[in-house]
Structure formats: structure tokens, C-alpha cells
Student: 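The structure is given below, and queries will be raised subsequently.
Whatever order the structure lists ligands and atoms in, that order sets their numbers, starting from 1.
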Amino acid sequence: MRFSVVLGTRPEIVKMSPIVRELQRNGDEFDLVHTGQHYSFEMDKVFFRDLGLPDPTINLEVGSGTHGAQTGKMLIGLERFFQQTEPDVVLVQGDTNTVLAGALAAVKLNIAVGHVEAGLRSFDRTMPEEVNRVMADHISDMLFSPTAVSADNLRAEGIADDKIHITGNTIVDAVRENLHLAAEKGDALTSLGLVKGEYIMTTMHRQENVDSPARMKNVLQGMEKVNQNTGLEIVWPMHPRARKNLERFQLSVPPGVKVIQPLGFLEFLQVEGNAALALTDSGGVQEECCILGVPCVTLRDNTERPETVLVGANKIVGTDPVSMADGVRDMLGRDGWICPLGEDGAGTRIVKICREFRKTWA
Ligand code: UD1
Ligand code: UDP
């Protein structure tokens with residue numbers, strides 16, 4: 001049985017890593033197929049290094065572009081690769097353009113598609129991620145939902161029950177497997193001049209936030225307020241999309257906010273896990289904070305991870321400066337929730353289901 005594991009962006013590299021490890025452990029035949037959606041060292045190769053992943057079999061090097069151009073280039077390259085290698089199962093993860101292209105190229109070739117992290121919904125179709133995940137879910141054969149909430153979303157859209165598997169989220173393994181490695185690797189806090197519990201960590205990259213000068217300006221004002229109210233420094237490993245737009249809109253970062261390069265996964269885990277709070281629009285960071293016991297304030301108007309809000313680990317505040325400051329005040333010091341993202345072993349469960357699925361039509 002041959003697997004193709006498709007990935008293209010940093011969260012996919014992180015969340016696919018437990019599945020790759022499981023395939024390696026079992027001696028399964030697999031190709032790691034990189035679309036090249038992310039390509040800067042700090043958005044791509046650093047994760048292969050930190051997670052000890054093998055080099056991709058192929059990198060399609062599609063790079064950046066408009067949604068249509070980027071997805072189209074991926075489709076052409078992925079179709080060609082799948083035709084040459086004839087995988088039995090193609091696995092995609094999450095909600096990026098890479099996911100949509102991977103699932104679509106495979107299904108048209110009658111290859112079984114497994115969607116990891118299926119059924120998440122923000123119910124906001126203006127987000128490119130929502131469109132990608134809805135499309136990927138409806139053309140996949142195996143839907144690996146992290147929680148009962150995401151499985152219910154799929155059922156509500158009429159997806160057959162026998163395609164849905166509640167597996168937990170692979171991020172739980174990715175975090176737990178790498179926490180000790182992160183500590184062994186060195187002391188990211190000292191090298192960044194940070195003290196445990198005495199700073200707030202922020203990340204931001206969503207199209208709806210960083211492509212809008214008004215929303216970005218609001219967030220910067222909000223950060224200034226948060227810094228003034230709490231006295232906590234804000235450290236911001238800045239995504240290239242945010243950096244590009246900050247320059248384009250000629251906005252400046254307020255005092256009390258320290259901008260740094262995006263971090264590798266092991267350094268990031270240390271900075272995230274020791275923060276007093278995270279201020280973010282990232283999906284993965286909302287989850288990781290919930291796992292690590294760090295309160296999270298989300299700079300969005302909705303979330304496809306409502307479980308994190310329900311347990312009290314996360315608060316949705318949008319980008320209004322006053323709401324940001326109020327949200328941080330409410331969340332600082334919170335802890336004690338039970339992580340709702342599933343047990344360890346999601347990667348193992350997912351690979352096992354793929355093998356069983358193969359048996360039904362082999
Ligand atoms: C993409 C995903 C988003 C995911 C995010 C993870 C889509 C539609 N969006 O957003 O869901 O949360 O990845 O980080 O698939 N750039 C670089 N170096 C890189 C990659 C990007 O400089 O390695 C810059 C380019 O200027 C590029 C911009 O970032 O135009 C945006 O990159 P893109 O891959 O289109 O979207 P992301 O915002 O990264
Ligand atoms: N991450 C990282 N370094 C950073 C910022 C994020 O290693 O400087 C990791 C983070 O731990 C998480 C993933 O990147 O696993 C989240 O990616 P991102 O926020 O870009 O995308 P999203 O999860 O929103 O799709």
C-alpha cells in the first residue's frame with residue numbers, strides 16, 4: 001500500500017509529522033509531496049529540521065500567487081505526480097490551498113482521499129480556509145475529525161456517517177512529542193531576552209486581518225493598550241504576510257511590542273508555552289495554547305475551534321482595541337481546563353483507518 005502525504009505550509013508540516021512518523025514506524029511506502037506554498041527557510045525547511053522529517057520526494061515549488069493561480073499550479077503538478085506514482089491513499093491536512101488542490105487532484109484520479117482535521121467550520125465563507133475545508137470534506141473518502149463537534153458539522157452537511165472518524169487532533173502528538181526536544185534544544189527564552197510568564201506572545205497572518213489596513217491598525221492600537229494595561233512586553237514572531245503588509249500600509253509597531261523573525265517549531269513551543277497569554281489569529285496557536293495551558297485571546301470574529309472557547313481556554317475578541325484589552329484582562333491568569341482536542345495517538349489511528357479502508361476495496 002502506497003501513501004502520498006501532501007503538505008505545503010508550516011501548519012501542515014507540523015500536523016502531518018505524527019502521521020509521517022507512524023508511516024516510518026510501520027515501514028509503509030510513502031511519498032512526502034510538498035507543493036511549495038511555503039518556501040522561506042523559516043516557514044518551511046526549519047520544520048523539517050526541527051521535526052526530523054525526511055526530505056520531500058518532490059517539491060512542486062508553486063510559490064506565492066493569487067488563489068486561482070496558486071491552486072491551479074498545484075493541481076497540474078499533483079495530478080502529474082499521482083499519475084506517475086499511483087498512490088492508494090492521498091492524505092491532506094487542514095484548510096489551505098494545498099489541501100484543496102491535493103484532494104481535488106486525487107479524487108479526479110479515483111484515488112482514495114483522507115482529510116485530516118475534517119469538519120472544522122467557522123461558518124464564514126468569506127474566509128478562503130472555510131471554502132477549502134468545505135470542498136475538501138465533500139470530496140474526501142475518509143474524514144478524520146478531531147472532535148465530536150467537527151464530526152457533527154459533517155453530519156449536518158449530509159456526509160455519510162461511515163466516512164467520518166473521530167480521531168483526535170494530530171497537534172496533540174506534535175506538541176507532546178516535541179516538548180522535551182524543545183527544552184533540550186536550548187533556551188529560546190534567554191536568547192530572546194524573555195522571562196517565563198512575563199510576556200504576551202502574538203502571531204497574526206489571516207487574510208481578513210493583515211490584508212486590511214483598518215483591521216491591522218486596530219490590532220496595533222489594541223496591542224499598545226494591552227501593553228499599557230498589563231505592563232507585559234508583547235513578542236511577535238511575524239509571518240511574512242504580516243510583515244509585507246505592515247510595510248505596504250506604512251504602519252508602525254507600537255512601543256512595548258518586540259517583532260522577531262518567525263521561529264522554528266521547537267523555539268516557538270518554548271516561547272508559546274511559557275507566555276502569560278497568547279494573542280493570535282492562528283488556528284494552530286489556539287489549539288496549542290489549549291494543550292499547553294496558556295490562555296488565548298483570538299483576534300478574529302469567529303473560530304472553527306469552538307471547543308477551546310467552551311472549556312474556557314480561549315476568547316474571541318475580533319480586532320477592536322477595546323475588546324482586545326478587555327479580553328486580555330479577562331483571560332490573564334486563567335488555567336485549569338481539560339483539553340478537548342483528543343488523546344495522544346491520532347496519527348496512529350488515522351494510518352490504521354487508511355489500511356482498513358484499503359482492505360474494503362483492494
Ligand atoms: C496560508 C494559508 C492559511 C494558513 C497559513 C499558515 C491559504 C489560502 N492560506 O496563508 O490558511 O493559515 O498559510 O501560515 O492556503 N510568504 C513568504 N514566504 C513563504 C510563504 C509566504 O514570504 O514561505 C509571503 C508571500 O508574500 C505570500 C504571503 O506570504 O504572498 C502569503 O502566503 P500564502 O501561502 O498565500 O498564504 P498565507 O498567508 O501564508
Ligand atoms: N509556528 C511556529 N513558529 C512561528 C509561528 C507559528 O513554529 O513563529 C507554528 C505553531 O506552533 C503552529 C503552526 O506554526 O504549529 C501554526 O501555523 P500558522 O499560525 O501559520 O497557521 P494556522 O494554524 O493558522 O493555519
Student: Should one rank Gln37, His205, Glu42 by closest heavy-atom distance to atom 2 (C) of ligand 1, which comes out on top?
Tutor: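 Result: the heavy atom closest to atom 2 (C) of ligand 1 is in Gln37.
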Student: Under 4.0 Å from a heavy atom of Glu129: give me the atoms of ligand 1 that qualify, with their elements.
Tutor: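 With Glu129 as reference, the close atoms of ligand 1 come out as 3 (C), 9 (N), 11 (O).
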Student: Between Phe41 and Leu51, is there a shared hydrophobic cluster once you connect ILVMFWY residues whose side-chain heavy atoms come closer than 4.5 Å?
Tutor: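 Same cluster.
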Student: Using a plain distance cutoff, I'd like to know if Gly284 has any nitrogen or oxygen under 3.5 Å from a nitrogen or oxygen of ligand 2.
Tutor: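 Between Gly284 and ligand 2 (N or O atoms, distance only) the closest approach is under 3.5 Å.
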Student: If we only consider heavy atoms of Arg206, is any one of them less than 4.0 Å away from an atom in ligand 2?
Tutor: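 Yes; Arg206 lies near enough to ligand 2 that a heavy-atom distance drops under 4.0 Å.
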Student: For the residue pair Phe47 and Phe265, categorise the inter-ring angle as parallel (less than 30°), tilted (30 to 60°) or perpendicular (more than 60°).
Tutor: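 The rings of Phe47 and Phe265 sit tilted, inter-plane angle from 30° to 60°.
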Student: Which ligand 2 atoms does Phe265 reach within 4.0 Å, using its non-hydrogen atoms?
Tutor: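 It comes down to these atoms of ligand 2: 7 (O), 11 (O), 15 (O).
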Student: With heavy atoms of Ser40 as the reference, note each atom of ligand 1 found under 4.0 Å away.
Tutor: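 Atoms satisfying the 4.0 Å criterion: 17 (C), 18 (N), 19 (C), 22 (O), 23 (O).
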Student: State whether the number of non-hydrogen atoms from other residues, nucleotides or ligands found under 6.0 Å of Lys352 atom NZ is greater than 12.
Tutor: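 Check fails, neighbour count at 12 or below.
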Student: Who's the nearest protein heavy-atom neighbour of atom 20 (C) of ligand 1, and how far?
Tutor: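 Protein heavy atom at minimum distance: His38 CD2, 3.4 Å.
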Student: For atom 12 (C) of ligand 2, find the nearest protein heavy atom and state the residue, atom name and distance (0.1 Å precision).
Tutor: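 That would be Glu288 OE2, 3.1 Å.
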Student: Taking only residues two or more places apart in sequence, or in another chain, which ones meet Glu22 in a side chain to side chain contact (heavy atoms under 4.5 Å, CB included)?
Tutor: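 Only Arg25, Asn26, Thr348, Val351 meet the side chain to side chain contact (heavy atoms under 4.5 Å, CB included) criterion with Glu22.
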Student: If we ignore angles and hydrogens, is there a donor and acceptor under 3.5 Å between the side chains of Asp137 and His115?
Tutor: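 The criterion, which ignores hydrogens and geometry beyond distance, is satisfied for His115 and Asp137.
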Student: Under 3.5 Å between some N or O of ligand 2 and some N or O of Thr203?
Tutor: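 Thr203 vs ligand 2: no N/O contact under 3.5 Å.
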Student: Do the side chains of Phe268 and Leu266 join up, straight or via other hydrophobic residues, at under 4.5 Å, putting them in one cluster?
Tutor: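 No, separate clusters.
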Student: With a 4.0 Å cut-off on heavy atoms, does Arg206 reach ligand 1?
Tutor: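 Yes, that is the case, since the closest heavy atom of the residue is under 4.0 Å from the ligand.
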Student: At less than 4.0 angstrom from any non-hydrogen atom of His67, what atoms of ligand 1 do you find?
Tutor: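 Every atom of ligand 1 under 4.0 Å from some heavy atom of His67: 8 (C).
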Student: Can you list the atoms of ligand 1 that are under 4.0 Å from a heavy atom of Met43?
Tutor: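 The atoms of ligand 1 under 4.0 Å from a heavy atom of Met43 are 23 (O).
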Student: What about Pro11: any of its N or O atoms under 3.5 Å from an N or O on ligand 2?
Tutor: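 Such a contact does not occur with ligand 2.
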Student: Once you restrict to heavy atoms under 4.0 Å, what part of Pro11 touches ligand 1? Side chain, backbone, both or neither.
Tutor: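 Near ligand 1, Pro11 shows its side chain, while the N, CA, C and O stay back.
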Student: Any nitrogen or oxygen of Asn97 lying under 3.5 Å from a nitrogen or oxygen in ligand 1? Just yes or no.
Tutor: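 N/O-N/O distance below 3.5 Å exists for this pair.
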Student: May I ask you to check whether Arg10 has an N/O atom sitting below 3.5 Å from an N/O atom of ligand 2?
Tutor: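 Min N/O separation from ligand 2 is below 3.5 Å for Arg10.
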Student: Using a plain distance cutoff, I'd like to know if Thr98 has any nitrogen or oxygen under 3.5 Å from a nitrogen or oxygen of ligand 1.
Tutor: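 Between Thr98 and ligand 1, no N or O pair is found under 3.5 Å apart.
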Student: Relative to the heavy atoms of Gly283, which atoms of ligand 2 are at a distance of less than 4.0 Å?
Tutor: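 The list of qualifying atoms is 22 (P), 23 (O), 24 (O).
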Student: Are Glu247 and Lys244 within salt-bridge range, i.e. N to O under 4.0 Å?
Tutor: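 So Glu247 does not pair with Lys244 through a salt bridge.
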Student: Just need the protein heavy atom nearest to atom 16 (N) of ligand 1, so name the residue and atom and give the distance.
Tutor: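 Ranking protein heavy atoms by distance from atom 16 (N) of ligand 1, first comes Tyr39 OH, 3.5 Å.
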Student: Give me the residue, atom name and distance of the protein heavy atom closest to atom 24 (C) of ligand 1.
Tutor: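 Among all protein heavy atoms, the one nearest atom 24 (C) of ligand 1 is Pro240 CB, 3.8 Å.
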Student: Would you kindly say whether Ser122 and Glu130 are connected by a side-chain donor-acceptor distance under 3.5 Å?
Tutor: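 The answer is yes; a qualifying pair exists.
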Student: I'd like to check which ligand 1 atoms, numbered from 1 as shown, lie under 4.0 Å from a non-hydrogen atom of Lys244.
Tutor: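 Within the 4.0 Å cut-off of Lys244, ligand 1 contributes 26 (O), 30 (O).
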Student: Closest non-hydrogen protein atom to atom 7 (O) of ligand 2, residue and atom name please, with distance?
Tutor: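 Ranking protein heavy atoms by distance from atom 7 (O) of ligand 2, first comes Phe47 CE2, 3.1 Å.
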Student: Relative to ligand 2, is Lys15 under 4.0 angstrom through side chain, backbone, both or neither, heavy atoms considered?
Tutor: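 No part of Lys15 comes within reach of ligand 2.
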Student: Closer than 4.0 angstrom, basic N to acidic O: yes or no for Arg133 and Glu117?
Tutor: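 No, no charged N to carboxylate O under 4.0 Å.
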Student: Rounded to the nearest 0.5 Å, how far does CG of Asp44 lie from CZ of Arg10?
Tutor: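 Here the rounded value is 11.5 Å.
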Student: Side-chain heavy atoms under 4.5 angstrom apart, residues restricted to Ile, Leu, Val, Met, Phe, Trp, Tyr: same cluster for Leu100 and Val62?
Tutor: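 No; Val62 is not reachable from Leu100 via cluster members.
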Student: Are any of the side-chain heavy atoms of Arg21 and Glu177 separated by less than 4.5 Å?
Tutor: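 Arg21 reaches Glu177 side chain to side chain.
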Student: For atom 16 (C) of ligand 2, which protein heavy atom lies nearest, and how many Å away is it?
Tutor: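 So the nearest neighbour among protein heavy atoms is Ser282 OG, 3.8 Å.
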Student: Closer than 4.0 angstrom, basic N to acidic O: yes or no for Arg215 and Asp301?
Tutor: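 So Arg215 pairs with Asp301 through a salt bridge.
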Student: So if I count the atoms of ligand 2 from 1 in the order they appear, which ones are less than 4.0 Å from some heavy atom of Pro237?
Tutor: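 Answer, ordered by atom number: 8 (O).
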Student: Side chains of Glu356 and His165: any donor to acceptor distance under 3.5 Å?
Tutor: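 Side-chain D/A pair, His165 to Glu356: absent.
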Student: Give the residue, atom name and distance (to 0.1 Å) of the protein heavy atom nearest atom 9 (C) of ligand 2.
Tutor: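 Sorting protein heavy atoms by distance from atom 9 (C) of ligand 2 puts Phe268 CD2, 4.1 Å first.
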Student: Which heavy atom of the protein is the closest neighbour of atom 25 (C) of ligand 1, given with residue, atom name and distance?
Tutor: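 Answer for atom 25 (C) of ligand 1: Ser64 OG, 3.4 Å.
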Student: Tell me which protein heavy atom sits closest to atom 31 (C) of ligand 1, plus the residue, atom name and distance to 0.1 Å.
Tutor: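 Going atom by atom, the protein heavy atom closest to atom 31 (C) of ligand 1 ends up being Arg241 NH1, 3.6 Å.
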Student: What I want to find out is whether Arg355 reaches Asp28 closely enough, with some N-O distance under 4.0 Å, to be called a salt bridge.
Tutor: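 Salt bridge between Arg355 and Asp28, a charged N being under 4.0 Å from a carboxylate O: yes.
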Student: Polar-atom distance check: Glu272 versus ligand 2, any N or O pair below 3.5 Å?
Tutor: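 Looking only at distances, the answer is no, because the N/O contact criterion of under 3.5 Å is not met.
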Student: Using a strict cut-off of 4.0 Å, indicate which atoms of ligand 1 neighbour a heavy atom of His239.
Tutor: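 Listed by number with element: 14 (O), 37 (P), 38 (O), 39 (O).
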Student: Would you say the side-chain atoms of Thr303 and Gln286 include a donor-acceptor pair closer than 3.5 Å?
Tutor: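 Distance-only check passes for Thr303 and Gln286.
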Student: Give the cluster check for Met1 versus Val5: same hydrophobic cluster or not, with ILVMFWY residues linked at side-chain heavy-atom distances below 4.5 Å.
Tutor: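 Shared cluster, yes.
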Student: Within the structure, does Leu263 bring an N/O atom to less than 3.5 angstrom of an N/O atom in ligand 2?
Tutor: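 Yes.
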Student: Are Leu246 and Met201 in one and the same hydrophobic cluster, where Ile, Leu, Val, Met, Phe, Trp and Tyr link if side-chain heavy atoms are under 4.5 Å apart?
Tutor: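 No, Leu246 and Met201 fall in different hydrophobic clusters.
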